[in-house]
Trainee: 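Here you go, one structure.
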Amino acid sequence: MRLVSKGVTKQSEDFSKWYTDVVRQAKLADYGPVKGTMVIRPYGYAIWENFQGILNQMFKDTGHVNAYFPMFIPEHFLKKEAEHVEGFAPEVAVVTHAGGKELEEPLIVRPTSETIIWHMYKKWISSYRDLPLLINQWANVVRWEMRTRLFLRTTEFLWQEGHTAHATAEEAEEETLRMLEVYKRFAEDYMAMPVITGQKTESEKFAGAVNTYSIEAMMRDTKALQAGTSHYLGQNFAKAFEVTFQNKDNKEELVYATSWGVSTRLVGGLIMCHGDDKGLILPPRVAPHQVVIIPIFRNDTKDLVMGKVAELVGELKAVSVRVHVDDDEKASPGFKFNEWEMCGVPMRVEIGPKDIEKGQAVVVIRHSGVKHFVALTELATFLAGQVVTVQDELFQRALDFREANTHTVENWEEFKETLETKGGFIKAFWNGSAEVEAKIKEETKATIRCIPFDRPGVIGKCVYTGDEGSQQVLFARAY
RNA sequence: CGGGGUGUAGCGCAGCCCGGUAGCGCGCUUCGUUCGGGACGAAGAGGUCGGAGGUUCAAAUCCUCUCACCCCGACCA
C-alpha cells in the first residue's frame, strides 16, 4: 500500500497536527488499541535501530556492558525510596491478577528499573573490587500518563537505562556528566540536533536523584524538548536497598550511583527538529535510506535504465551509502518524488533514458531542494560527500534557528512580552526559589529547562523578584 | 479529572435537522494504456452505521444509557 493522503498540515497552521500527520503519513508509527499506546512501524523502528546501534557502541566505548532485568517488580520495592515512590506511584501500572487468581503481592510494571537493579546490585557488590559496576539495559517501560503523543509521550516506550555503581561520589558524578556528554554528542553529531546541557532545578529533577542533568533541544515551533537525562543518585538507592561495599581500609561504605536514559522520544525530537511542510527531513547519519533512486523508464527503456541503476547501487554500497531503489512500476515518478520527500530521505537520484544518454543523473537534496546534475562516473563519490555535507547543513540550520529564537531578557514585562510574541528559549536571571519558579510557570507556562553549564559567570537581578545575586537560567515552554 | 470533538467500507467524510432500498472521494483487486513533480480508462470486491435499551409499521436518523478514541488544559522522559 502506498501513501494515502496528499501532503500534511502546514507547520505554521497547526504544528501539533503537522507532527501527527507526518508520523502517520511517513508510516513511522500508528496508534495501538489501548489508549496512549503506539505501534512503531518498520520505517520508524529503523530509525530507532540506527539510534540504538550508535548509542550502544558509544556506551561500550565508555566501558559499559548490557544486561536485562525483569519487567515485573514486587510492589514493595518501589516504596523503599521515599522520593522515588512519591514521584512514580501515580503513573505505575499494577498487575493484581495472574494465573487465574489474585496475587499475594501485586506486581508493578517497571516505570524505570532503579529498584530492581539495586535489589540485584546488593547481591553482586561486596568489595571495592566489584566497582565500578557499569550496566546498561535496552528495555520497555510503562508510565500511565494522562496525556500522550506519538513518540513524545506514550504509555509504553522503549529506552535504554544505564545504572552504575561507584566507590566514590566524585567518580559517580564524573560518570553522570560523562554520559550527559555522550548524549550531547549523539544528539549533535548524529541527529544533527543541537542541545544545551545543564542541570535541572530541584522541582524538575528525577524522583530519587541528588542531581539531574539534561540535554535540551529546540523544536521548529520553538518549544523545548528534554531529549535525555543523566542523574547523580548519590547514596539514595544504596541506602534504600542497603548496598554497601568494603573499601581498601576494610571499612563498610554505601555505594554511589548514577542512572541515565534516552528513549523513543528522541524520534519525536528528530522529526520536530528538522521537518518542514513537505514532511520529514532525516539527517543522513540516522536515516534508514540515505539515498533513494527513482528510475524513470518505459517498457522499451526499462532494461537500459535498470541495468544502470544496478551498477550504481553496487557503487554506492561500495562507499557505504545506504541506498534504496523504488522500482514500483505502478506508481509514477512524480508520486514517488512526493512520497520520499514526505519520508525525509536526504537525497534523491532520478535517472532516466535522457540522463543515461548524457552520462548523468539528477540529484535532489531533500532539505534544500537544490538540484545537481552529476556525471554517472562521479555519482557515488558525490553522494558519499553529500552525506557529510547534508549532515552538517542540517546541524547548522538547526543551530541557527535555535540562536535566532533564543532571547535574553532583563525584566518581567520583557519576559512575558518575549514569550508571548516570540516564544523560544529565554535566558534570564532567577533567584533560585522554587516558589518563584512555580509562579513563573503558572503565569506563563514556561519552565526552567535547565541551569546551563555554559552561562556567563556574572550574576544579576532575578527576572521575577529583582533580587540581586541571581544566576542565569534557561526558560521555555516545553513538551 | 475539567473543557471541546469524533465514532457510518482500509482511510477521509456526506447522509441525521425533516425516520422509508447506505452513499461519495481516496485506497484495494483484475485488465489495458501510461511513466522526467501526486497518470487514465474499464470492470470489481468491500459496511452487524461504536455498543445496549427504548419509541415506531419502519431507526444511521428520534429518546435514554453506555463505551472508545482524538484535541486543548492540570501531571510527566
Side-chain angles (χ1 to χ4, degrees), chain A residues 1-7 9 14-17 19-21 24-25 30-37 86-92 111-112 141-161 183 200 203-207 212 214-217 224-231 259-269 278-279 294-302 305 326-342 348-358 360-362 364 369 371 373 441-442 445 447 477-479:
Chain A
M1 189 175 66
R2 313 242 10 162
L3 249 181
V4 174
S5 161
K6 290 190 176 187
T9 306
D14 184 344
F15 194 81
S16 282
K17 186 86 190 328
Y19 176 79
T20 310
D21 285 354
R24 302 199 65 190
Q25 290 186 28
D30 206 345
Y31 295 105
V34 174
K35 180 186 167 79
T37 62
E86 198 184 319
F88 281 105
E91 57 193 54
V92 162
T112 179
V141 286
V142 168
R143 297 181 187 175
W144 220 262
E145 301 288 355
M146 295 173 196
R147 235 191 110 212
T148 58
R149 298 193 66 196
L150 293 170
F151 287 113
L152 298 175
R153 187 173 296 105
T154 46
T155 298
E156 178 190 5
F157 59 94
L158 304 183
W159 75 345
Q160 59 67 218
E161 45 180 329
Y183 289 156
K200 286 292 188 181
S203 65
E204 294 273 336
K205 75 172 197 201
F206 175 74
T212 289
S214 72
I215 53 171
E216 301 284 332
L225 181 78
Q226 178 175 304
T229 49
S230 187
H231 315 291
S259 69
W260 28 273
V262 293
S263 71
T264 37
R265 165 179 265 202
L266 284 178
V267 177
K278 288 180 172 179
I294 298 176
I296 293 155
F297 56 73
R298 290 185 310 235
N299 287 335
D300 57 331
T301 49
K302 181 177 171 184
V305 173
D326 188 350
D327 58 0
D328 183 349
E329 293 185 39
K330 297 297 178 203
S332 68
F335 185 96
K336 292 174 185 178
F337 297 163
N338 286 287
E339 181 172 30
W340 289 109
E341 280 168 0
M342 167 71 68
R348 172 176 85 232
V349 174
E350 306 168 15
I351 181 161
K354 288 184 229 162
D355 293 308
I356 293 174
E357 208 171 285
K358 291 186 234 168
Q360 65 165 36
V362 182
V364 182
K371 272 192 186 186
F373 299 87
K441 183 177 178 181
E442 199 185 312
K445 311 264 184 255
T447 51
R477 288 183 180 147
Y479 278 96

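Keep in mind that this is a model prediction, so the values were computed, not measured. So that the names make sense, note that chain A is the first sequence line, chain B the second, and so on, each numbered from 1.
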Trainee: Has the side chain of A:T154 got a donor or acceptor atom that lies under 3.5 Å from a matching backbone atom of A:F151?
Mentor: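 Here the side-chain-to-backbone pair does not exist.
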Trainee: If you measure from the C1' atom in B:rG23 to the same atom in B:rA14, how many Å do you get, rounded?
Mentor: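 Nearest-Å result for B:rG23 against B:rA14 at atom C1': 8 Å.
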Trainee: Which residues pass the side-chain contact (heavy atoms from CB on, under 4.5 Å) test with A:E145, sequence neighbours left out?
Mentor: A:E91, A:R143, A:T148, A:R153
Trainee: Which heavy atom of A:V305 sits nearest a heavy atom of A:I356, and at what distance?
Mentor: CA-CD1, 3.7 Å
Trainee: Give a yes or no answer on whether the side chain of A:S214 reaches the backbone of A:E216 with a donor-acceptor pair at less than 3.5 Å.
Mentor: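 Here the side-chain-to-backbone pair does not exist.
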Trainee: In whole Å, measure the gap between the P atoms of B:rG54 and B:rC13 for me.
Mentor: 32 Å
Trainee: I'd like to compare against my own output: the B/S/- annotation of nucleotides 66-71 of chain B with a strict under-4.0 Å heavy-atom distance to protein.
Mentor: ---SSS
Trainee: Checking base pairs now: Watson-Crick or wobble, both atom distances under 3.5 Å. What partners B:rU55?
Mentor: none
Trainee: Is NZ or CZ of A:R348 both nearer than 6.0 Å to the six-membered ring centre of A:F337 and within 45° of the ring axis?
Mentor: yes
Trainee: Which base, if any, makes a Watson-Crick or G-U wobble pair with B:rA68, both distances under 3.5 Å?
Mentor: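 Its partner is B:rU6.
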Trainee: Between A:L225 and A:L152, is a side-chain contact (heavy atoms from CB on, under 4.5 Å) present by the stated rule, with each step listed?
Mentor: CA-CA 9 Å; A:L225 181 78; A:L152 298 175; 4.0 Å; yes
Trainee: Taking only the P atom of each, what is the distance from B:rC69 to B:rG12 in whole angstrom?
Mentor: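 About 16 Å, rounded to a whole number of Å.
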Trainee: Rounding to the closest angstrom, what is the interatomic distance between B:rA58 and B:rU21 at atom C1'?
Mentor: 13 Å
Trainee: I'd like a table of atom pairs between the protein and nucleotides 34-37 of chain B - only N or O on both sides, under 3.5 Å - with the distance next to each one.
Mentor:
from, atom 1, to, atom 2, distance (Å)
B:rG36, O6, A:G352, O, 3.4
B:rG36, O6, A:P353, N, 3.2
B:rG36, O6, A:K354, N, 2.8
B:rG36, O6, A:D355, N, 3.3
B:rG36, N1, A:D355, OD2, 2.3
B:rG36, N2, A:D355, OD2, 2.8
B:rG37, O6, A:R348, NH2, 2.4
B:rG37, N1, A:E341, OE1, 3.4
B:rG37, N1, A:E341, OE2, 2.9
B:rG37, N2, A:N338, OD1, 2.8
B:rG37, N2, A:E341, OE1, 2.8

Trainee: Tell me what A:K445 touches on the nucleic acid: a base, only sugar-phosphate, or nothing, going by heavy atoms under 4.0 Å.
Mentor: sugar-phosphate
Trainee: Scan every strand shown for a Watson-Crick or G-U wobble partner of B:rA39, both distances under 3.5 Å, and answer none if you come up empty.
Mentor: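 Pairing partner, where one exists within any strand: B:rU33.
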Trainee: Mind calculating the distance between CD (A:E145) and P (B:rC75) to the nearest angstrom?
Mentor: 12 Å
Trainee: Just wondering, are more than 12 heavy atoms of other shown residues or ligands nearer than 6.0 Å to CH2 in A:W144?
Mentor: no
Trainee: I'd like the P distance from B:rG46 over to B:rG5, given in whole Å.
Mentor: 37 Å
Trainee: Once you apply the 3.5 Å cut-off to both distances, tell me the Watson-Crick or G-U wobble partner of B:rC1, or none.
Mentor: B:rG73
Trainee: Between A:L152 (CG) and B:rC75 (P), how many Å, whole number?
Mentor: 18 Å
Trainee: P atom, B:rU6 versus B:rA42: distance in rounded Å?
Mentor: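 So the two P atoms sit 36 Å from each other.
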Trainee: Does any N or O in the side chain of A:K336 come within less than 3.5 Å of the main-chain N or O of A:I294, such that one atom is a donor and the other an acceptor?
Mentor: no
Trainee: With a 3.5 Å distance limit and no angle check, can you tell me whether A:N338 reaches the backbone of A:F335 through a side-chain donor-acceptor pair?
Mentor: no
Trainee: So which nucleotide does B:rC17 pair with, by the Watson-Crick or G-U wobble rule with both distances under 3.5 Å?
Mentor: none
Trainee: What class does the angle between the rings of A:F206 and A:H231 fall in, given that below 30° is parallel, 30 to 60° is tilted and above 60° is perpendicular?
Mentor: parallel
Trainee: Round to a whole Å and report the spacing from CZ of A:R24 to P of B:rG10.
Mentor: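 Going from A:R24 (CZ) to B:rG10 (P), I get 15 Å.
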Trainee: With rounding to whole Å, what would you report as the distance between B:rG3 and B:rA77 at their P atoms?
Mentor: 28 Å
Trainee: Look through every strand shown and name the nucleotide pairing with B:rC11 as Watson-Crick or G-U wobble, where both distances are under 3.5 Å.
Mentor: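 Partner of B:rC11: B:rG25.
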Trainee: B:rG27 P sits how many Å from A:Q25 CD, rounded?
Mentor: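 These atoms are roughly 14 Å apart.
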Trainee: Rounding to an integer number of Å, can you tell me how far A:D30 CG sits from B:rG10 P?
Mentor: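 Taking atom P of B:rG10 as the reference, CG of A:D30 is at 14 Å.
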Trainee: With C1' as the reference atom in both, quote the distance from B:rU64 to B:rA59 in angstrom, rounded to an integer.
Mentor: 15 Å
Trainee: Assign A:T154 to base, sugar-phosphate, or nothing according to its heavy-atom contacts below 4.0 angstrom with the strands shown.
Mentor: base
Trainee: For A:Y479 and A:G269, indicate whether the former's side chain and the latter's backbone hold a donor-acceptor pair under 3.5 Å.
Mentor: no
Trainee: Using a cut-off of 4.0 Å on non-hydrogen atoms, how would the nucleic acid contact of A:I294 be classed: base, sugar-phosphate, or nothing?
Mentor: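 Result for A:I294 = nothing.
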Trainee: What integer distance in Å separates A:K302:NZ from B:rU33:P?
Mentor: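 These atoms are roughly 14 Å apart.
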Trainee: Under a 3.5 Å cut-off for both contacts, is B:rA45 paired Watson-Crick or G-U wobble with anything, and if yes, with which nucleotide?
Mentor: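 Check on B:rA45: unpaired, no WC or wobble geometry under 3.5 Å.
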Trainee: Check every strand shown and say whether A:F206 touches a base, only sugar-phosphate, or nothing at a heavy-atom separation below 4.0 Å.
Mentor: nothing
